[in-house]
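Everything below concerns the one structure shown next.
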Amino acid sequence: MSNKTLNLTPELHRYLLDVSLREPDVLRRLREETSKLAMANMQIAPEQGQFMRLLAHLTGARRAVEVGVFTGYSTLCVASALAEGGMLTACDVSAEWTAIARRYWQEAGVAQRIDLRLAPASDTLDDLLAQEAGAFDLAFIDADKANYAVYYEKCLSLLRPGGLLLIDNVLWNGAVLQADPADADTRAIQALNRKIHADPRVDISLLPVADGLTLARKI
């Protein structure tokens, strides 16, 4: 037995999906449509979506906020798991990509649980903070990396004590190992990872799911 995280070969990853992934048809079709887009790499992995859905169930989340929607796969996963009467505020700036999302949300019967706001996410978060600071159960950040630190602080303020913050792409395809990265996005993720590690306001775990997923529970 090893005391290290197992390296997933393509074959082992396929096995993982074969014995654990329960992807509804509507999600599968959304993922397949998204895979044809030029920016398809922005799509979260299906096993990550399933994990996020489980976390929403486990936490009994009723109020959630998402920063970065793309074509709405993660939004659909979380919205479908919210407690009765729940609402997910979804932040994005692309009417084109979220038009795809809206079709699948409607088909899945969760459109009424999603408040999509097409505006800079920082502005939307400020609007929420003015009225609902400390009222959210769950937050997910998967947007422009340069503003991750800004989104982190604002989402943390939106969460209630015990609320859960999820942050995507925290391993950045391994680029976080670079000693002196020229890329601003890599530097931003490195800085946020260090910040969260030292942040006494949260309990944390960084999981090697897909491109790295940090879980931060607000104390």
Side-chain angles (χ1 to χ4, degrees), residues 1-21 23 27-28 30-55 66-75 77-78 91-94 97 121 138-156 164-199 201-217:
M1 299 293 291
S2 173
N3 63 355
K4 297 181 180 179
T5 300
L6 185 67
N7 181 36
L8 282 181
T9 63
E11 294 77 16
L12 194 54
H13 181 244
R14 182 69 256 170
Y15 176 81
L16 180 155
L17 297 179
D18 286 344
V19 300
S20 71
L21 182 63
E23 186 179 37
L27 278 170
R28 178 188 58 78
L30 170 55
R31 179 170 54 83
E32 290 177 351
E33 181 173 342
T34 302
S35 72
K36 300 172 184 177
L37 300 177
M39 301 297 291
N41 63 311
M42 291 168 54
Q43 172 71 68
I44 68 166
E47 63 269 31
Q48 179 179 335
Q50 180 169 292
F51 180 54
M52 290 170 58
R53 187 171 187 270
L54 178 61
L55 289 174
E66 179 179 56
V67 182
V69 174
F70 192 36
T71 59
Y73 190 98
S74 56
T75 322
C77 289
V78 172
C91 310
D92 208 284
V93 294
S94 173
W97 288 336
L138 184 69
F140 177 49
I141 300 172
D142 183 17
D144 52 305
K145 312 313 173 191
N147 283 310
Y148 258 29
V150 173
Y151 301 147
Y152 173 76
E153 288 296 336
K154 294 185 179 186
C155 285
L156 198 60
L164 184 63
L165 175 55
L166 311 176
I167 307 167
D168 198 25
N169 301 122
V170 292
L171 295 179
W172 205 223
N173 199 33
V176 289
L177 293 177
Q178 296 175 15
D180 187 21
D183 179 64
D185 288 344
T186 302
R187 295 196 302 271
I189 294 172
Q190 289 176 329
L192 183 61
N193 287 342
R194 291 191 294 268
K195 174 186 174 72
I196 297 173
H197 184 225
D199 192 342
R201 300 172 296 172
V202 292
D203 297 321
I204 67 166
S205 183
L206 194 166
L207 301 179
V209 175
D211 195 25
L213 182 69
T214 288
L215 281 62
R217 173 186 172 272

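The number of heavy-atom neighbours closer than 6.0 Å to NE2 of His13, taken from other residues, nucleotides and ligands shown, is above 12. No more than 12 heavy atoms of other residues, nucleotides or ligands lie within 6.0 Å of CG in Asn173, so this atom counts as exposed by the packing criterion.
Taking CG of Asn169 as the reference point, atom CD1 of Ile141 lies at 11.5 Å (rounded to 0.5 Å).
Under the rule for a side-chain hydrogen bond (donor to acceptor under 3.5 Å, both in side chains), Gln50 has no partner lying at least two apart in sequence or in another chain.
Of the possible polar contacts, none joining the Lys154 side chain to the Tyr152 backbone as a donor-acceptor pair under 3.5 Å is found. Checking side-chain atoms of Asp183 against main-chain N and O of Asp185 turns up a donor-acceptor pair under 3.5 Å. A donor-acceptor distance shorter than 3.5 angstrom exists from the side chain of Asp92 to the backbone of Ser94, with no hydrogens or angles considered.
Between Met39 and Phe70 there is a side-chain heavy-atom pair separated by less than 4.5 Å. Within the 4.5 Å cutoff, the side chain of Leu206 has no heavy atoms near those of the Ile196 side chain.
Minimum interatomic distance between Ala210 and Ala45 (heavy atoms only, all atoms of both residues): CB-CB, 3.9 Å. In terms of heavy atoms, Leu171 sits closest to Pro208 at CD1-CA, 4.3 Å. Listed here is the closest heavy atom pair of Gln178 and Pro181: OE1-CB, 3.2 Å. Among all heavy-atom pairs drawn from Gln43 and Arg31, the shortest one is OE1-CA, 4.3 Å. Taking both residues in full, the closest heavy atoms of Ile204 and Ala216 are given as CG2-CB, 4.1 Å, listed atom of the first, atom of the second, then distance. Taking all atoms of both residues into account, the shortest heavy-atom contact from Cys77 to Arg53 is O-CG, 3.4 Å.
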Between Glu33 and Thr71, is the side-chain contact (heavy atoms from CB on, under 4.5 Å) condition met? List the steps. CA-CA 9 Å; Glu33 181 173 342; Thr71 59; over 6 Å; no

Please evaluate residues Tyr148 and Asp142 with respect to the criterion side-chain contact (heavy atoms from CB on, under 4.5 Å), reporting the C-alpha separation (whole Å), side-chain torsions for both, the decisive distance (0.1 Å), and the verdict. CA-CA 8 Å; Tyr148 258 29; Asp142 183 17; 4.0 Å; yes

